[in-house]
Structure formats: structure tokens, C-alpha cells
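The analysis underlying the following values was restricted to heavy atoms, covering all of them including side chains, and did not include hydrogens, waters or symmetry mates. Labels below follow one simple rule: chain letters A, B, ... track the order of the sequence lines, proteins then strands, and each chain is numbered from 1. These numbers were taken from a predicted model, which means no experiment stands behind them.
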Protein chains: 6
Amino acid sequence: MRILVINPNSNQAMTQNIDRMAKSMAGPDTIISTISPEMAPASIESHAEDIVAGYRLIEAATTYPEPYDALVIACYYDPALEALREVLDVPVIGIAEASAHMASLVAPKFSVVTVLRRGVRHVENVIDAAGLSSRCASVRGVDLGVLDIDADLERAATLIAAEALKAISEDGAEAIALGCAGMGPLDKRLQEELGVPVLDGVACAVPLAESCVKYGITTSKINSYDRPPAKKSPGLDPLLEQIYVPATELKVNA
Amino acid sequence: MRILVINPNSNQAMTQNIDRMAKSMAGPDTIISTISPEMAPASIESHAEDIVAGYRLIEAATTYPEPYDALVIACYYDPALEALREVLDVPVIGIAEASAHMASLVAPKFSVVTVLRRGVRHVENVIDAAGLSSRCASVRGVDLGVLDIDADLERAATLIAAEALKAISEDGAEAIALGCAGMGPLDKRLQEELGVPVLDGVACAVPLAESCVKYGITTSKINSYDRPPAKKSPGLDPLLEQIYVPATELKVNA
Amino acid sequence: MRILVINPNSNQAMTQNIDRMAKSMAGPDTIISTISPEMAPASIESHAEDIVAGYRLIEAATTYPEPYDALVIACYYDPALEALREVLDVPVIGIAEASAHMASLVAPKFSVVTVLRRGVRHVENVIDAAGLSSRCASVRGVDLGVLDIDADLERAATLIAAEALKAISEDGAEAIALGCAGMGPLDKRLQEELGVPVLDGVACAVPLAESCVKYGITTSKINSYDRPPAKKSPGLDPLLEQIYVPATELKVNA
Amino acid sequence: MRILVINPNSNQAMTQNIDRMAKSMAGPDTIISTISPEMAPASIESHAEDIVAGYRLIEAATTYPEPYDALVIACYYDPALEALREVLDVPVIGIAEASAHMASLVAPKFSVVTVLRRGVRHVENVIDAAGLSSRCASVRGVDLGVLDIDADLERAATLIAAEALKAISEDGAEAIALGCAGMGPLDKRLQEELGVPVLDGVACAVPLAESCVKYGITTSKINSYDRPPAKKSPGLDPLLEQIYVPATELKVNA
Amino acid sequence: MRILVINPNSNQAMTQNIDRMAKSMAGPDTIISTISPEMAPASIESHAEDIVAGYRLIEAATTYPEPYDALVIACYYDPALEALREVLDVPVIGIAEASAHMASLVAPKFSVVTVLRRGVRHVENVIDAAGLSSRCASVRGVDLGVLDIDADLERAATLIAAEALKAISEDGAEAIALGCAGMGPLDKRLQEELGVPVLDGVACAVPLAESCVKYGITTSKINSYDRPPAKKSPGLDPLLEQIYVPATELKVNA
Amino acid sequence: MRILVINPNSNQAMTQNIDRMAKSMAGPDTIISTISPEMAPASIESHAEDIVAGYRLIEAATTYPEPYDALVIACYYDPALEALREVLDVPVIGIAEASAHMASLVAPKFSVVTVLRRGVRHVENVIDAAGLSSRCASVRGVDLGVLDIDADLERAATLIAAEALKAISEDGAEAIALGCAGMGPLDKRLQEELGVPVLDGVACAVPLAESCVKYGITTSKINSYDRPPAKKSPGLDPLLEQIYVPATELKVNA
């Protein structure tokens with residue numbers, strides 16, 4: 001099977017790390033393609049960038065030139081998750097929800113350690129949308145931008161470990177989800193250091209996507225996530241034209 | 001003061017109705033300007049259209065050629081609400097949250113009657129984001145598209161009244177919020193017919209926006225809704241350039 | 001329009017401050033009358049005083065000699081709010097709910113800073129009754145009685161600011177609601193000092209009351225808040241006689 | 001020990017039924033005194049009457065001429081419950097909370113069948129205040145006034161049974177709490193008819209009050225329910241004078 | 001009436017303390033029998049031991065040689081509570097739920113101080129099952145095993161008091177439930193020391209069991225807690241044979 | 001890798017179906033072993049049988065003669081899930097939680113269709129323990145025993161489809177989880193018939209177990225799920241001896 005992984009920001013190093021992580025978790029018969037949309041934000045750290053990224057994600061996912069069997073959104077705000085479930089016929093998995101589901105299998109409560117403090121409530125809402133707030137002990141932010149992680153991985157590791165320890169000792173977390181795709185390369189090192197399961201969202205999302213495909217289940221189209229019917233509008237946004245392409249004509253669903 | 005009202009869809013009749021409603025509720029010193037973004041969807045009935053509309057909303061709000069004191073988003077999914085709170089310095093009010101707040105002042109429980117059934121869960125999430133799920137008896141959809149309302153107002157009135165009566169008798173609603181800006185013209189007629197308060201979101205949002213301005217409060221910039229700092233990216237999305245304009249240079253905040 | 005504002009305690013300085021604040025927020029065509037009931041408690045800091053205050057509030061509201069278009073209850077426990085919604089036909093707004101609704105428009109989470117610690121849970125319940133617990137980061141009490149505020153405004157300002165800063169840094173509040181009508185005069189000063197929106201309940205309630213009147217909505221009488229029908233009882237409480245007066249004969253609704 | 005039971009309405013037949021029920025559940029060494037306050041409402045079916053009843057309840061409880069060891073409030077809105085916990089030093093039990101606690105011991109979910117439909121949300125709030133909403137399948141109202149029950153007990157039994165059966169078959173209730181002190185005489189008959197536990201609040205409250213006394217626990221005075229300190233006010237409400245009597249001088253606590 | 005109290009662990013000193021406490025709270029006509037099952041764990045501090053204890057509890061309760069009118073389970077995890085409600089026809093009370101119900105009558109919020117930290121989440125789930133999470137300020141563990149309490153009661157008292165004080169000052173508790181049957185002997189001493197109600201579960205459960213019997217209510221058998229019908233299986237577990245004995249033949253229900 | 005699947009009931013046909021389903025979802029390098037404990041109940045339809053089954057499950061899992069890398073519990077009550085997480089060092093997955101997690105990836109809301117009505121609340125609690133109540137539209141029971149499914153698969157299919165349709169049309173479900181391992185063989189047939197994703201728990205649990213092993217995460221041992229330390233007791237239950245075996249000596253963890 002073929003899984004398309006989209007890193008919604010424009011950082012190439014991050015795209016490569018995501019690709020590596022995705023491939024390390026994929027089964028022998030799975031082909032992973034990891035891309036980044038054109039005109040993507042450098043990083044996604046606000047609701048405003050989340051909407052721009054979502055717009056570019058839909059564009060990239062619906063114009064990808066080859067069919068694929070599942071889509072993974074590799075940003076911890078799960079941007080455009082519900083929109084892509086509407087537009088595509090294949091399973092769509094966000095890395096935040098993926099890490100929350102998997103963390104719930106190995107610990108009674110997990111905490112998310114994310115990047116900027118300003119994103120804490122945003123991540124709380126993403127975990128709530130995944131339905132797993134009751135298993136989430138806390139969301140904590142280190143004072144790092146997304147792009148600072150790769151720039152100084154040592155410093156990032158130190159800050160994340162410090163915040164994770166607070167989550168464990170003060171909030172009751174017994175596992176840690178890494179709240180940014182850029183933190184993925186630190187998973188095993190932090191797991192060893194902290195003594196609790198440490199989960200990267202990409203690593204969690206890929207096998208969940210594979211499992212859906214293998215089991216033959218995909219997004220329910222019966223109501224909420226049905227494809228929006230085409231409508232005409234003066235000066236139609238070009239992305240809408242793409243969204244309104246009939247499912248049978250959309251290459252990616254072929 | 002000057003309030004900008006944006007109807008995020010391209011329907012001109014609806015924009016005119018929204019403008020009329022907004023002006024009917026505005027104070028004597030308030031200037032209402034109602035616009036619709038370029039390349040807006042014909043109607044917003046899915047998460048995919050919600051993201052496109054959000055993108056175009058941010059574009060329209062940040063490039064509006066004159067300063068304004070508050071912004072009202074005239075679509076019941078409150079698209080781009082949090083993003084606009086980040087990008088602008090003036091108060092931003094969504095019509096869904098506005099109707100939920102006002103309904104809570106006149107009834108212990110309200111129900112929302114919205115357009116398509118597929119949008120019911122979307123509206124539930126919007127009310128939840130407003131913080132008022134506990135006061136919302138139910139969200140119900142009639143089987144009408146946004147554009148069908150204006151096309152046959154009589155039929156819309158009949159269907160909305162029927163669903164509202166179910167909300168009252170079966171779900172315990174004691175007030176009705178109209179879950180689509182297009183339903184606004186029916187508010188008084190339905191209020192008389194149903195015998196309970198019936199609230200249009202635009203009518204609720206305008207005085208709330210005025211109240212914020214008059215009281216001298218605006219979106220807290222201390223953390224979650226701070227403006228995202230500018231970042232460079234190869235092939236930057238033009239909207240991001242607009243988002244990254246320093247607040248002091250953004251005309252609309254002048 | 002005419003709005004009656006009732007300060008349910010007997011403190012004249014507080015009544016004057018409330019009147020000033022109410023008038024500062026009222027529209028040009030609104031007449032504000034601020035009164036205090038006879039036999040009101042000196043201050044309302046317990047459930048016992050809340051009931052006495054509620055009793056005297058209903059008495060004052062139903063025997064007020066002139067008609068009015070809306071009622072504002074100027075005590076942060078929102079005493080007798082539901083009872084007055086039953087008895088009156090005009091909109092009734094409590095200052096606690098008003099500040100919670102308005103704070104939710106300018107911040108993702110607000111905290112209430114109230115007077116005595118013993119009242120913290122009482123205020124939590126009031127915010128919960130307003131339906132906005134999910135937007136309330138915390139309720140915190142300073143160690144001040146209601147009457148101590150006016151007695152030493154400087155000290156009150158210092159203590160409130162200190163507690164508000166804790167709410168911001170420890171609880172995640174991004175706006176502050178002042179949990180006592182007596183704190184109103186400090187709103188702008190604290191807003192400047194704290195750098196977040198600071199909301200006084202009276203300032204919030206008056207435009208909400210005006211908005212209801214202007215939009216032509218009032219308390220739903222369909223069920224929960226219908227007027228209680230008159231019943232005879234041996235030795236009837238004089239207030240009940242007043243409550244049982246038919247709506248059409250009640251002057252205030254004229 | 002001596003338990004004071006107060007029926008907050010003026011209906012003598014109901015006071016007698018309550019007295020009978022209380023005595024049937026009391027231990028051999030318990031003396032039950034059942035009274036009704038002067039100037040009590042004929043029945044309590046609204047928030048307005050609830051406040052008047054609460055006022056008269058506090059008056060009756062604080063001026064009762066003999067000491068008592070516990071107080072039972074025999075109205076299903078648990079009027080003045082928190083106020084009386086502040087003012088008295090002895091345990092205070094409301095019949096609504098009592099029935100909810102006991103019902104939770106014999107069924108996974110219970111429903112309350114109360115009198116008027118308008119009171120349904122009021123009772124929901126009372127059960128929520130007791131902390132037991134998660135065990136309450138539903139609150140349902142029959143279309144009967146409080147005083148209609150005693151006037152035609154047969155008809156009341158038929159209507160309550162019908163509504164209880166709906167609670168069992170539609171809402172998942174496995175026990176029924178009778179949501180009005182006037183329904184007490186029907187408990188055993190309905191239990192037999194319905195085949196599930198049927199609980200009267202007075203019958204539940206008396207042994208709970210006894211248990212507190214026997215175990216030597218009473219209302220915590222450490223914070224929320226501490227006695228309000230005396231304050232002077234021009235034209236002080238006579239009830240406040242009574243509330244402010246020092247605990248040591250209040251006869252009932254002797 | 002006869003109440004069977006089962007201490008599900010094998011500690012004889014604890015069984016004796018439980019027996020003493022139960023008898024001190026029982027009415028003059030109540031006969032208390034306190035036993036411990038054969039093959040019981042030394043203490044119950046994990047889910048694994050909880051299941052073994054539950055198995056042995058059911059065995060002990062269904063083979064007890066004499067009839068009894070109610071059963072009290074004297075372990076703070078309320079092991080096998082729902083299973084025993086199915087198997088027996090008499091009321092079954094767990095000490096955790098009992099202490100939570102009684103604490104809710106004397107304080108707005110209570111905290112549980114339990115033994116090991118690893119059991120904190122387990123106890124939280126037990127309180128949630130009782131339906132009273134909303135009244136529980138916190139569950140806190142001291143670093144003591146169940147058997148360490150009796151071994152050094154002084155040290156236990158010191159540690160429990162310290163943790164209880166944190167619950168009061170940091171979490172808002174106004175009463176303390178002792179989260180282990182072994183802590184019972186400390187109740188009055190801690191109550192005096194802490195100045196808030198301190199509740200032992202056995203002391204709470206016995207009068208609740210008596211009240212059910214006296215009032216003539218027992219576990220609802222209409223659905224969730226109906227006796228499981230007998231089924232044949234190759235190599236049937238001997239306990240299942242005991243569970244499948246028809247109610248009429250089960251001695252304990254006689 | 002090697003995954004042990006335990007069907008906690010004694011039905012051989014069901015064990016074979018479970019084995020078939022597990023193998024169909026396992027990766028090429030995974031060895032599935034499916035067993036049923038000795039002395040297992042014929043079916044698990046009550047809390048009493050759940051405890052017996054849990055006891056036998058722990059026994060079977062800890063005495064299995066060969067090492068394994070993950071354990072799947074193939075009963076929809078997830079019996080002994082937390083206990084086994086304590087006792088074993090390998091990941092443990094329950095089929096109820098597995099189906100809830102996977103269903104949340106393909107639909108906004110899922111319903112569970114389980115066997116007997118008496119088990120509805122039990123399953124609700126299991127889904128709540130998984131943390132996913134907010135994504136569960138409803139749990140519905142058909143009037144079939146576990147063993148009736150295999151006995152007449154046609155009738156079972158008809159009844160399950162009818163109940164699933166009600167869940168879809170009345171409760172808002174957009175996917176269906178099959179609430180009994182015995183229903184597994186019907187998954188694809190019902191999916192086709194209903195037009196929504198239909199999920200069998202065994203099919204969901206196996207790839208989740210594989211994913212944990214592949215990613216190198218297992219149950220967090222830092223607190224709640226640490227192995228219980230060995231304790232001595234007179235007449236120790238033989239299962240406790242097995243539970244107390246040091247992890248390093250337990251074959252299954254080798």
C-alpha cells in the first residue's frame with residue numbers, strides 16, 4: 001500500500017526526519033511518500049498559520065499526482081483533519097490524535113510536551129477533538145519555536161526532558177507524547193532518560209493508517225464527513241474547484 | 001465607531017440581509033460596513049469550505065482599506081475566529097458564539113436550528129468552543145442548503161419552525177438560535193410563531209462588538225491570541241505576508 | 001429605555017459607584033436608576049445573606065414605583081436571578097454572568113478575583129450556572145471583605161493585582177473578571193497594570209440588558225421561568241402576595 | 001437524639017405525612033419534631049417561592065425554641081441548604097440529596113419523578129448540587145401541582161407510575177426517587193407496582209442525619225460553610241440579626 | 001438485622017479493627033459479623049490483587065453459612081461491588097462509596113487520603129464509579145503500604161495528617177475520607193487535629209446498610225444487576241457454580 | 001513477534017473465530033497464538049462472570065509456557081486489563097478499547113452494538129475507562145446471549161443490523177463497533193449492509209499490539225501499573241504466588 005505523509009510546513013530537515021520516522025514504522029509492503037506543500041508556512045505556531053497550512057494541505061493532498069491509500073498529516077495541530085476526511089475517500093490520520101490513542105494504550109494518563117506556551121490551549125483543543133482529554137494529564141510548552149528544535153537538538157532535549165519530568169511529578173503523567181513533529185528524533189533518547197513511554201506522532205500515525213487500510217475501513221461518508229457537493233460561485237477559489245472534483249475523478253482516490 | 005461585518009460566502013442577497021440586520025441593531029454612532037471576501041465559497045457547509053472561507057476571511061479582514069474598531073464574522077461556523085483574534089488588535093465576534101451568549105441570558109436552555117444535518121456536529125463543536133454546551137439543549141438540522149433559504153423563504157420558515165418545535169418539546173429548549181446567517185430575516189416571525197425568544201447571530205454580535213469597544217476591552221494578547229511573529233519561508237503564501245505585517249502597520253488596526 | 005440597577009447591599013458608596021459605572025456604559029437613550037433595597041445586608045458574603053438579599057431584591061424589584069425595561073442585579077452572586085426571571089417580564093441580567101459572557105469574547109480563559117476565600121466555591125457555582133465553567137480558569141479570593149474594598153482602595157488594588165497575576169501565571173487566565181461590584185472603580189487601572197482585559201460586571205451587564213431590549217427579546221416564559229401561579233396560604237408572606245400579582249398589574253412590566 | 005424536620009410549605013396534611021414517614025425511619029432513641037414555618041408558601045413550585053421558603057426556613061430553624069442535633073429540610077428543592085449549613089452547627093440534610101445518595105446505593109442509575117414540568121430543570125440543578133448528576137438518568141415531571149397530590153392520591157399514583165415507567169424504559173433508570181415530599185405515602189405501593197426501588201426523600205434523610213450525629217460528624221466550618229460574621233447595616237433585616245447571633249448563643253446548637 | 005462485613009484481606013488485626021468500628025456504629029438490634037475470606041491477599045494494593053480479592057469475596061459472601069440482611073465490603077477499592085450486587089439479593093455497600101456519600105453531606109468538597117501513590121488513580125476511579133467525582137477535591141497517597149499503618153500507627157497518623165493538610169490548603173478539601181480500612185482507628189484523632197470532618201468508610205457503610213434494610217430497599221434487579229443465569233461450561237470454575245445457585249437456594253438471602 | 005490472544009470464555013467455536021480474525025490482521029512476521037483459560041465461564045455477561053474470567057485470564061497469561069511480545073484480551077468487557085498491565089511487562093490490549101480507538105479514526109461518533117441489554121452500562125463504563133465516551137454516540141444491546149450469536153448467525157446479523165440502524169438514525173452514530181468478540185465474523189457483511197465502517201475488536205487490537213511492539217513502547221511501569229510487590233499471607237491464593245513471581249522469572253516476559 002502507499003501512504004502519503006504531508007509535513008505542512010516548509011522545513012526540509014523536518015520533512016526528512018518525518019520521512020525517516022514514517023519509513024521506520026511502515027510494514028514491508030508499504031510505500032511512504034513524504035512531501036511538503038508549496039507555499040507552506042515556515043512553521044505552524046498560531047491559528048492563523050494553521051488555516052494557511054490547512055489550505056495548502058488540502059491543495060497538496062488533492063493534487064498529488066498519484067493515488068494513495070491513506071494520508072498522514074504530520075503537524076501536531078492536526079490541521080485540516082476534518083476537511084481532508086470530507087474531501088478524500090481514503091483514511092486520514094493526524095499525528096496528534098495518533099499519539100493520544102497510542103499513549104492511552106500504555107499509560108493511564110499521558111502529557112503532551114509541545115513547543116511554544118501560546119500553543120498549549122490549541123493542543124488541548126486538538127486532544128479534546130480526538131476525544132481523549134480524560135486521558136491527558138496536561139499539555140505543557142517549552143519556550144522553543146518549532147524551528148529552534150532542529151537548530152539545537154541538545155538544548156531541545158534538555159528543555160523537553162525538564163518539562164516532561166514536571167508533567168510526571170506534578171500532573172500525574174505516566175507517558176509523554178511529543179507535541180511537535182520536529183521532536184521525533186528525540187523519542188528513544190527521552191524514553192530512556194525519563195523511564196516512561198515517549199511517543200512521536202508520526203511513528204504512531206503510520207501503523208494506524210496501515211491498520212485501517214488492511215482492515216478495509218475508511219472515513220464514514222454517511223453524514224458529517226461526506227464530500228461537499230459542488231456549488232458555483234462568482235470568482236471561485238481555485239482550491240474549491242479542486243475540492244468539488246467528483247471523488248471518482250480525484251486521482252488520489254483511484 | 002466603525003464595525004466591519006464580513007459575510008464569508010459570496011451570496012449577495014445574504015450580504016444585504018446581514019447588512020440590514022447589523023444596521024438595525026447598531027447604535028446611532030456606529031458605522032456598519034458589510035462585505036464579502038473575493039473568491040468566497042457560494043456557501044459554507046463543510047469543513048473544507050470552512051477552511052477556504054477562513055483563508056479568504058483573513059485576507060479580506062487584513063487588507064480592508066480602512067481602519068475599523070471591531071469585526072463581526074457573519075457565518076454560523078465562526079470561521080477563522082481564533083486566527084483573526086491573533087491577527088487583529090480589535091475585538092472579533094463570531095455570530096454563533098454571540099447568539100449562544102445572548103440566548104443564555106433569556107432562557108435556561110436554547111437549541112440551534114441549523115441548515116444541513118451534516119453540519120449538526122460542526123455546530124455542536126462551535127458552541128462547545130464558545131464554552132456554552134451546557135446551556136445548549138440540542139443542535140438540529142433542517143434539510144436545506146444555505147442557498148435554499150433565500151430561494152424559498154416560506155418553505156424555510158415552515159421547516160425551521162417544525163424543527164424548533166421538536167427542540168422545544170423533545171429536547172427542552174426554551175429559546176431558539178438561528179444557525180445560519182441566512183435565516184436572520186425570519187427571526188421576528190418565528191419568535192411570534194413559536195412563543196419563545198428567537199435569536200439571529202448577526203443581531204446579537206453587533207451590540208456585543210459595540211460593548212467591547214465602548215468598554216475599552218479587546219482580545220487579550222498575553223498568550224494564546226498574540227500575533228504570530230514573522231518568519232521567512234521559501235515561496236511564502238501571500239496571506240502569510242499579510243498576517244506577518246506588524247500590527248502598527250496594519251491599516252485596520254489604525 | 002429605562003434600566004433599573006439594584007445593588008442588593010446597603011452600602012451607599014457602592015451604590016453610587018455602581019450607578020456611575022452603569023451610566024458610563026449606557027447608550028444616549030437609556031435612563032439608569034440605581035437603588036438599594038430596604039433592609040438589605042451590609043454586604044453579601046454567605047449563602048445566608050444571599051437568601052436574605054434575594055428576598056429583599058424581589059421585594060424591591062416588584063414594588064419599584066415606575067416601569068422599567070430591564071433589570072440588572074449588581075452583586076456577583078447573581079442573587080435571585082432565576083426568581084426574578086420568573087416574576088418579571090423584562091430581561092434580567094446578573095453581573096457575574098454578564099462578566100463571564102463578555103470575558104469569553106476577549107480571552108480563551110478568564111479568572112475571577114473575588115473577595116473572601118469562603119466565597120470562592122459560591123462564585124464557582126454562579127459561573128457554572130451561567131454555563132461558562134469551561135472558560136473559567138479559576139476563581140480566587142483575596143482576604144478582603146466587601147466593605148474593606150472601599151475603605152482602602154489602594155490596598156484592595158494591590159491585593160487584587162497580586163491574586164490576578166497568580167491567576168495569569170499559574171492558572172492560565174488571559175482576562176480577569178472582578179468578582180465584586182465594589183471592585184468596579186479599579187477596572188481600568190488594573191487593566192493597565194496587568195496587561196490583560198479586566199472586566200467589571202456592572203459595565204458588562206448594562207449593554208447586555210440594552211441589547212436584549214433593543215433586539216426585542218426577553219426571558220422565555222414557556223416553561224422554567226414562567227410566572228408562578230397565585231396560591232393561597234394561611235398567613236401568606238407579604239412578598240408572595242407581591243409575587244402573585246398578575247403580570248399585567250405589575251407596574252414594573254407596564 | 002432530637003431531629004428537627006421542617007416542611008417549608010404551609011400544607012398541614014403534608015406536614016403530618018412527613019412526620020409519619022420521619023418517625024417510621026427514626027431509631028428508638030430519636031425524637032422527631034416536624035414543623036412548618038410561619039408565612040410559608042402553600043407550595044414551592046418556582047425559584048421565587050424557593051427564596052421566600054428559604055427565608056422562612058432560616059427563620060424557623062434559628063428561632064426554634066429547643067436545641068436539636070440535626071435538621072432535615074423536607075422539600076425536594078433543598079431550599080436554603082447551604083445557608084443553613086452556614087448558620088447552624090448541627091448536620092443539615094436535604095431530602096433531594098438524601099434520596100439521590102440512597103438511590104445510588106441500590107441502582108446504577110435512578111430517575112426523579114417530580115411534580116410540575118417547569119420544575120424539571122430546577123430539580124436537575126439540585127441533583128447536580130448534590131454531586132450526583134452522573135447517576136441520575138433523568139428528571140421527569142408529571143402535570144401535577146404539589147397540592148394536587150394529596151387532593152387525589154389515586155390519580156397522582158397513576159401519573160407518577162406512568163412517568164416512572166418511561167424513565168425505566170426510555171432513560172435507563174433502575175430506581176425511582178420521588179421528587180416531592182408530598183409523594184412519600186406512595187413509596188411502597190409504587191415500589192411494588194414498578195418492581196424497582198422507590199425512594200422518598202424524608203425516609204432517606206432521617207437515617208442519614210442520625211448517622212452523622214451518631215458518628216460525630218457535622219458540617220465542616222473551615223471555609224465555605226463557616227458562620228457569616230455579624231455586620232451592621234441601616235435598617236437591618238430582622239432575619240439577619242438572627243443569623244448573626246453567635247453560635248454559642250443560638251439555642252438550637254446548644 | 002444481621003450485617004455481614006467482609007475484610008477482603010487476610011490481616012487479622014485489621015479485621016478486628018473493622019469489626020470494632022462496625023459495631024460502634026450499628027444500632028441496638030443489629031448483629032455485626034466480620035470475616036475475612038480464605039486465601040485473601042495480605043493487602044490489596046494493585047488491580048491484580050483487587051481481582052483475586054474480588055474472587056475470594058464472592059466466594060466468601062455466597063458460602064457464608066448463615067443468612068444476612070446486608071453486606072459491607074471493607075476495602076477502599078470497593079472490590080467486586082457490582083458483582084456482589086448481581087449475585088446477592090440483599091443491599092451491598094462498599095466503604096469507599098459510603099465515605100464519599102457521607103462526606104458530601106458535611107462538606108462541599110472532600111479529599112481522600114489513601115495509602116500508596118500507585119493507588120491514587122484506582123481510588124479516583126472508585127469515587128467516579130460512586131458518582132461523586134464532582135465533590136472530590138483530590139485523592140492523595142501517603143507513602144505507606146496497607147500493612148505499614150497498623151505496624152506504626154503514630155507514623156501513619158503523622159503522614160496522613162500532613163497529606164490531609166495539603167488537601168485542605170492546596171486542593172480545597174473541607175473534609176477528609178480515610179482511603180483505607182486500616183486507617184479507621186485514627187478517625188477521631190485526626191478529626192480533632194485537622195479541624196474538619198474525618199470519615200472512615202466502615203463507620204459510614206454500616207448505617208447506610210442498616211438504612212436500606214430498615215427502609216425496605218435493596219439492589220434493583222430490573223436490568224444491570226440482575227443475577228446472571230446459569231450456563232454450563234466444560235471444567236466450570238467452582239465459584240461460577242456458586243454464583244449460578246438460584247437465589248432462592250442461596251442461604252445468605254434466606 | 002509473538003502475540004498471545006486470550007478468549008476468556010470456554011467457547012471453542014468463538015476461540016477459533018477469534019484466531020482466524022487475529023491471523024487475518026497480523027503482519028507476515030507475527031505469530032498469533034489463541035487460547036482459552038481453563039475453567040473459563042461459558043460466556044461473560046455479568047460483573048460476577050467478569051471477575052471469574054479475569055482471575056482465570058491472569059492465571060492463563062502468567063502461566064503460558066512460552067514467551068510472547070504482546071497480549072490481546074478478546075472479550076468486550078476488557079476483563080483484567082489493568083491487572084494484566086501490572087503483572088506483565090509486554091503491551092496488553094483489550095478489544096473494546098481497541099475498537100473505540102480505531103472507530104474514532106474513521107467517524108466523529110461511533111456506537112457499540114453489544115449482546116444483552118443488561119450489559120449496556122457495563123460496556124459504557126469500559127468505553128469510559130478507555131477515555132472515549134465523548135466519541136461514543138450510544139451503546140445498544142440486542143436481546144441475544146453471547147452463545148446465541150454463533151448458534152444462529154443469520155438471526156444475530158438481522159438483530160445487530162436493526163439496532164445499528166437505530167444507533168445511526170437516532171443517536172448520530174457514523175460507525176459501529178461490534179460489542180462482542182463473537183460478532184466478529186459479521187463485520188464485513190454488516191459494513192456492506194449498513195454503509196458505515198463496522199469494527200470488530202480483535203481485528204483492531206492485533207495491529208495496535210503489533211504497533212506497540214514495533215515502536216518499542218510498552219506499559220508504563222512508573223506508578224499505576226507497576227508490578228505489585230510480593231507479600232506473604234496465611235493460605236496464599238495460588239494465583240497471587242504467580243502474580244508475585246519476579247518479572248525476570250516470569251517466562252512470558254522473557
Side-chain angles (χ1 to χ4, degrees), chain D residues 24-25 27-29 82 85 91-94 97-98 100-110 128-136 168 172-175 187-188 191 194-200 203-212 214-225, chain E residues 24-25 27-29 82 85 91-94 97-98 100-110 128-136 168 172-176 187-188 191 194-200 203-204 206-212 214-225:
Chain D
S24 77
M25 284 299 294
D29 299 332
E82 292 189 291
R85 285 190 172 142
V92 182
I93 312 286
E97 59 171 3
H101 287 294
M102 294 303 289
S104 299
L105 298 176
V106 291
K109 294 260 183 181
F110 64 91
D128 195 40
L132 285 163
S133 295
S134 65
R135 297 296 286 274
C136 181
I168 292 166
E174 306 191 24
D187 61 346
K188 289 304 166 195
Q191 180 163 298
L194 297 168
V196 300
V198 172
L199 298 96
D200 168 63
C204 295
V206 167
L208 290 175
E210 286 180 321
S211 303
C212 289
K214 187 162 193 181
Y215 189 31
I217 56 173
T218 187
T219 305
S220 180
K221 290 288 172 177
I222 207 172
N223 188 23
S224 300
Y225 295 144
Chain E
S24 77
M25 284 299 295
D29 299 331
E82 293 189 291
R85 284 190 173 144
V92 182
I93 313 287
E97 60 171 1
H101 287 293
M102 293 303 290
S104 300
L105 297 176
V106 291
K109 294 261 184 181
F110 64 91
D128 195 41
L132 285 162
S133 294
S134 66
R135 297 296 285 274
C136 181
I168 291 166
E174 306 191 24
I176 299 294
D187 62 347
K188 288 305 163 195
Q191 181 164 296
L194 296 168
V196 299
V198 172
L199 298 97
D200 168 61
C204 295
V206 166
L208 289 175
E210 285 181 321
S211 302
C212 288
K214 187 163 192 179
Y215 189 30
I217 56 173
T218 187
T219 305
S220 180
K221 290 289 173 176
I222 207 172
N223 188 22
S224 300
Y225 295 144

Counting only non-hydrogen atoms closer than 4.5 Å, does [X] touch chain E with its backbone (N, CA, C, O), its side chain (CB onward), both, or neither?
X: D:Val206; answer: neither
X: D:Asp200; answer: both
X: D:Ser133; answer: neither
X: D:Glu210; answer: neither
X: D:Pro91; answer: neither
X: D:Ile93; answer: side chain
X: D:Lys221; answer: neither
X: D:Leu199; answer: both

What are the two closest heavy atoms between [X] and [Y], and how far apart are they?
X: E:Val198; Y: D:Ile217; answer: O-CG2, 4.2 Å
X: D:Ser104; Y: E:His101; answer: CB-CE1, 3.8 Å
X: D:Cys212; Y: E:Met102; answer: SG-CE, 3.8 Å

In this structure, NZ of E:Lys109 is separated from OG of D:Ser220 (nearest 0.5 Å) by 14.0 Å
So, the part of E:Ala129 with a heavy atom under 4.5 Å from chain D: the answer is backbone
If one checks every heavy atom of E:Thr218 against chain D at 4.5 Å, the contacting part turns out to be backbone
Scored by heavy-atom pairs under 4.5 Å with chain D, the best of E:Ala130, E:Gly27, E:Ala209, E:Cys204 is E:Ala130
Ranking E:Pro108, E:Ala203, E:Ala107, E:Ala100 by heavy-atom pairs under 4.5 Å to chain D gives rank one to E:Pro108
- Message: Can you see whether E:Ser224 engages D:Glu174 through a side-chain donor-acceptor pair at a distance of less than 3.5 angstrom?
- Response: yes
Pair count under 4.5 Å, heavy atoms only, with chain E: among D:Pro197, D:Gly172, D:Ala98, D:Gly195, highest is D:Pro197
Residue from D:Asp128, D:Leu105, D:Leu208, D:Ile222 scoring the most non-hydrogen pairs under 4.5 Å with chain E is D:Leu105
Check: E:Leu132 main-chain N/O paired with D:Arg135 side-chain donor or acceptor under 3.5 Å
no
